[in-house]
Every structure is written in C-alpha cells, then in structure tokens.
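Right, one structure below, let's go through it.
First the proteins, then the strands, lettered A, B, ... as listed; each starts at 1.
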Protein chains: 2
Amino acid sequence: MSAKMPTGGRRQPTIHEVAAAAGVSIGTVSRVASDSPRVAPETRARVQAAMAELGYQPNAAARAMRTNQTKTIGFLIPDMTNQVFARVAQGAEAVLAPEGYMLFAFSSNRSPAREIEFLQAARQRRMDGLIVTLSDETATGTVEELRRMGVPVVVLDRDIPVEADIVYSEHIQPIETVVGQLLLLGHRRIGLITASHNIRPGRDRVTGFRRALERAGIPVDEWLVRARIQSAEHGAAEAHDLLTGPNPPTAILAAGSDIFYGALKAVRLLGLSIPDDLSFVGADDALLGELVYPPITVIDRDMVEVGRQAAGLLIDRLKGLDMPPRRIMLGSSVILRSSMAAPRPRTG
Amino acid sequence: MSAKMPTGGRRQPTIHEVAAAAGVSIGTVSRVASDSPRVAPETRARVQAAMAELGYQPNAAARAMRTNQTKTIGFLIPDMTNQVFARVAQGAEAVLAPEGYMLFAFSSNRSPAREIEFLQAARQRRMDGLIVTLSDETATGTVEELRRMGVPVVVLDRDIPVEADIVYSEHIQPIETVVGQLLLLGHRRIGLITASHNIRPGRDRVTGFRRALERAGIPVDEWLVRARIQSAEHGAAEAHDLLTGPNPPTAILAAGSDIFYGALKAVRLLGLSIPDDLSFVGADDALLGELVYPPITVIDRDMVEVGRQAAGLLIDRLKGLDMPPRRIMLGSSVILRSSMAAPRPRTG
DNA sequence: CTTGGCTGACATAACGTTTACATCCTTAAC
DNA sequence: GTTAAGGATGTAAACGTTATGTCAGCCAAG
C-alpha cells in the first residue's frame, strides 16, 4: 500500500485476541477488564500486560448489549455557542464524570425538529439518562418523544407535561427588583425584550415586569413588551424598533444573553449613551456587563450550579431512586452597575 | 406502585416484538427499518404501523455490532464555554448531520488526562471518526492514544506527529500586520499575551510578533512576551503585570479569546483609557470587540468555516478516500477599530 | 403439465461482551 | 488416603441486530 489512510483501517482487538495472547479464556479477560475479584494476581498481571500490548479497549456496543447500560448521558442544548448552556454542561460534567458517566452535548439550534432527532438518537443509543433544554414547550412532538424515552430525564427551566425532575431558575423576582429600581429612578416607559411565551423564562420575565408596574399602579404599554425569539438578531431588531419608535422607552431590559448582545449592539449603532440617553439592563452574561463601558447592570445566575443540580437529580434516578418528580428552584441575583440613572427630562 | 419513576423503567421494544405485532419475521422488520427493497408494499405498511404503535427505535448497540458503524463523530474541545470552539462544532455539525452522522461534543477543560479519557471512550464506543483540538502538543499520552484510534481523525490547528488531516488557521501574518501598524503609530514597547508554546497558535503568534519587530530592527524585550496559558485568568494576570511593571508597554496584544477577556478586564481595573493610555488589540471575539467602548481592533477568523472544512475532510475519509494526509490553511483577518493610537509621549 | 426464473419472506449465523454454571485443582480436615 | 470445601478458570448462552442462504409460491414459456 502506497498511501496509508491516516489513523484509519486498524481493526480494534477483541477480547478473544487478548485471551489468546495471555493464554487464558475470554471469561478471565472479561473478569480482569471489569475488575472482578476471583482472579489470581499472577493471571491478572498477564492479562493486563496483553491488554496493554494490544491496546485493547472493550467494545462498548457489545458491553451495552449485555448489561443494558451505556454509561452515557445526553445533554440537549438549544445553542452551543451560548455560554449559558456551556456552563451548565460544565457543571453537569463535573458531577457525572466521577460516577463514570460520559456527558455528550448536542446542540439543536433551537429547532424542535432537531430536538426530536436527538431524542430518537438518544433512544437508539440507549443512553442512560438525559438533561434537556427544549426550545419550545408547545412543540408536541418533542414532549411525546420525551415520554417514550424510558430513562430518567432532567428538564431545565421548562414547564412541560412530562414526569421528570426539573431544575428551575428564578426569573420573576429579579425582573421585579430591577423594574422597581428603574421606577424609583423615575422611569415610566421601560422596554422589555426577552424570549417568547413558549418557554418559561420568557413568560416569567414578562410576569415579573407586569407585576412591578402593576404594584406601582402604572399601566403596561404592550408596545413596550417584546417577547419573541431568543437571539441576538431579535434583540437588535427589537431594541432598534423600540428606540426609533414615536414614544421610545427611557430604559431597556435585555433579558437573555443573546438578546443582551444584540440589544447592546443596536444601542451602540444608534449612538446612544448609557446611562445618559438610556438606562440599560442585561442578563446572563456578567462578564460582558463588566467589560463594556459603562459597566452594565445584569441579572445573573449560577449556571454551573444549575448543571450540578441537574446532574445530581439524574444520578439519584440512575441509582434507582423511586419517588415523584422533584423540583429545584435556584435563585438569580442582580449585579448593580452604573448603567441605570434617572431618565433625561423629555425635551420633545 | 405508588410513586412512578419519572420517564424511567419502560423497556424499549425490540425487533422481535415488532415482528410479532406485525405477524412477520424479524428479517422482514430489519429490511423495513433499513429501507431495503425486496419487501411487499402491503407488508411494509403493516410493519411500519407496528413500529409506530410500539414506538420502536432500533438498538444502536446491536446495530453497531453487526455493521461496524456507529454513525457517531466525536468532537474534542478544550473548553466548551469558549465560543470559538462552539462555533467550530456548529460548522462541523452542519456538514455531518446531512450525511447521517451525529456529532457529540466533549470538553476536556484543557486537561491532557481528560483528553486521553475521551479518546479511550471514543475507541470503546467505536466512534466512526473524530475531530480533536488538543490542549498540549507535547503530551505524549494523547498522541499515543490518537495513533491507536483506528478511525479517521481530523486535527485542528495543532502540529502533532500523527497521520491525520489537519485544518490550520493563519496566526503569523495577522500578528505581523497588527504589530506593523503599531510600529507605524510609533509604538516601541508592545506586549504580547498569548497561549503557550505547546500549541501551534501560541508559537505562531510569537513568531509573527518577532518577525515584525525584527523587520523593523527593534530588539525583542523578552519581558514583554507572555506565552503561557490560554485562560482569562492568565490574560488578566499578565496584563496587570505588564502594565504595573517598571517599563510598561504602550500597546498590548491579547491574542486569544479568553486572554482577550481577561486582559481587557485588567485594563479596566487599572483605570486605563483605551487608546489614550494604551493601545489594545484583541482576538477571536469580534462581537466583544464591537460592543465595548471604544470598539477594539481584533484579529478574527471564521471558526464556523473551520468546522465545515474539518467535517469535509472527515467525510471524505469516511467515504473511503485513501491518500496521504491533507492540510487546509484558513485565513485570518484584522478588523481595525479605534483602539489603536499613537503612544502618549513618555512623561517619566 | 412440467420447468425455470423470480419475488417475498423466513431461518440462522455471526458480531463481542457478561455471567451463571460447570469443571478442575489445591489444600485441609477427618 | 479419602473427601469436602473453595478458589481459579473455562464454557456457553444470551443480548438485538444484519445479512446470507434457503425455500415456498407464482407466473410464463415450452
């Protein structure tokens, strides 16, 4: 052969080859591979030497077929490029790895169709458990598929009619707090840009927003409430629309990390100065809020902890815990910075 | 049973149950499942109905055992929270999915030990191919493990002694360009913070840096060259050290996205103003560069394209292409913004 | 009416493990 | 010296597929 296929072609050694090399039966090799007792130290050493020599790695498929376990956890996220979900993965991984599970992340790019594909692939691969963040609670196919899973599933921050453990983040209260602050500063027209009503964070943020205004006795101008898609593009478009409208808000809440980027970019493009021309509040990306000038007030939450908690719930189920679905609610905090100020008196 | 284990416990139906339900043999079910011809339309319909009824999903492990294919590609990245790698995953996914492959991402958190664990897991799972970004070219265990893979591997932006296809990014030239610009502006002391010599990007950036200075006949002050760890912490620490030293640079190149964040944060904390007190250049996060004030000059590259190219190389190998390792070099661009200016005349 | 060709379906042998069971060999106790 | 106990190892079935070989039926041609 003149051209070698890079790192390809080599067949993986099987338990039989190891057995032959060590001069024992495959049963013995299997016992050594899975750290069973009942094997003589001398034999064990010989087998281990053969395994090392051949570079033997047990075939997970064959193993899975016998044991009905894959030691694999699937993690479905709407968007891999979003740091928020990446941090959750990090937290989950930290809990799962020591238990011998591998976490494989899959990004759906916010497409319910891709989510269904993933769930089917996960079922085909007989993954032992799942952590999922759906991009649309109202997509029935996804929920249906989730019901068929047959393995423990932990849902993140969504309300769906499925028997599963859930980790929630607090969204209502922090928005209420921030809107309260803005009202105190004198703002009366506050814009909210967030995710759609089809996912819990979107709904809750709108709820918090309304509550704060109602408590202050201020009617909600529906034009100022933009609950649509969770994306930078949406954030930019809505911010632009709000700020160039006939009666623009004096403050904007960009609730969602992507929306935060997009809205901030739109503000920059319009040449508005924060907080002189506009008060601005972001969410879920404390670092960005810190790096820009002026530093921006941000609603933040510990996503790594979300991942840890989710993995914890999953581990319990994998260990056979049998009880009704559990719910964990994790808090959010408001990091106050200098992006909020009293509104400039109307000059029009 | 009083408490039901959420979404757990349900055994998955097998091909036998589908066969029984449809009143055919398992062979026929298998042929329907894999879209073989040679099955009567009426029979096909009956089998499909049974599959839908039972929610049948073929067991991937059993399938893999027979076919020696898992339709799974592993993607090893140093850090999931880094957008750079997430974008690569996105690009790769876009190419792989239409070919029927699933991409599973795994983050090593820059630990060679975790990388070895992943490679072994990938081999156990008999993944069909791999895209890998190692965190240290000099870690021998990783390379050794890579050699044993037996399936096509595409390496991203690393020089390692393995027969594999590689996708490179251009790092020397953009640094040279930027340093050239800074020299033109009058800078003579320029600090470089980047990754260590153990990975190609770190080495190349230092090379570009030296070349630009040499061409201008300026000796390199080694104190100004900080090629260490690719992390925000390192970026912050080195920037702080440089800027508080006895003879600080008048310009800083923060070459690497994490380093960019960290260094920028350090500059903020020191209360320095860009570009008046300091010229500043970032890398790999064009969006951040755009959002901060003033907008920051950034060395950028199209990571989604990197992913696409890598997946393309992999697909070719999976289709049986047999030729010596291929190398693809992708360009980088410099996005000029207002963070570079003439150095302030020395007042000391 | 037989034969040959063809189609659709079935039966069955792998694939590489794990594990219950069988077997062999020591060693110790009677 | 026989036997029982027990530890170490071997044997073989099963897991859920795919693919190969086989066979039954049917139609057309001789």
Less than 4.5 Å apart, side chain to side chain, heavy atoms only: is that true for B:V84 and B:V306?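 The answer is no, as the side chains (C-beta and beyond) never meet within the 4.5 Å cut-off.
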For the pair [X] (side chain) and [Y] (backbone), establish whether a donor and an acceptor sit closer than 3.5 Å, ignoring hydrogens and angles.
{"X": "B:R158", "Y": "B:L134", "value": "yes"}
{"X": "A:E137", "Y": "A:R200", "value": "yes"}
{"X": "A:T43", "Y": "A:V39", "value": "no"}
{"X": "B:T70", "Y": "B:R126", "value": "yes"}

Starting at atom [atom1] of [X], determine the distance to atom [atom2] of [N], rounded to an integer number of angstrom.
{"X": "B:R125", "N": "C:dG16", "atom1": "CZ", "atom2": "P", "result": "18 Å"}
{"X": "B:R123", "N": "C:dG16", "atom1": "CZ", "atom2": "P", "result": "15 Å"}
{"X": "B:R44", "N": "C:dT7", "atom1": "CZ", "atom2": "P", "result": "15 Å"}
{"X": "A:M51", "N": "C:dT17", "atom1": "CE", "atom2": "P", "result": "11 Å"}
{"X": "A:D35", "N": "C:dT19", "atom1": "CG", "atom2": "P", "result": "13 Å"}

Check whether the side chains of A:R87 and A:Q83 place a donor and an acceptor atom closer than 3.5 Å, and report yes or no. yes
Partner of B:V167 under side-chain contact (heavy atoms from CB on, under 4.5 Å), chosen from B:T133, B:V155, B:L313, B:V88: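 When side-chain contact (heavy atoms from CB on, under 4.5 Å) is applied between B:V167 and each of B:T133, B:V155, B:L313, B:V88, only B:L313 qualifies.
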Which residue is it: A:V143, A:T142, A:D136? I am looking for the one with a side-chain contact (heavy atoms from CB on, under 4.5 Å) to A:I160. A:V143
If an axis is fit to five pairs at each end of the helix from C:dC1-D:dG30 to C:dC30-D:dG1, what is the angle between the two, to the nearest 10°?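 Comparing the first five pairs with the last five, the axes sit 70° apart.
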Any side-chain N or O of A:T43 below 4.0 angstrom from OP1/OP2 of D:dA8? no
Using a cut-off of 4.0 Å on non-hydrogen atoms, how would the nucleic acid contact of B:S30 be classed: base, sugar-phosphate, or nothing? base
Identify whether any heavy atom of B:S34 sits under 4.0 Å from a base atom; if not, whether one sits that close to sugar-phosphate; answer base, sugar-phosphate or nothing. nothing
Under 4.0 Å protein heavy-atom contacts per nucleotide of nucleotides 11-16 of chain D, with B for base, S for backbone only and - for none: BBBBBB
Nearest heavy-atom pair of B:Q90 and A:N109: which atoms, and what distance?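 Taking every non-hydrogen atom into account, NE2-OD1, 3.4 Å.
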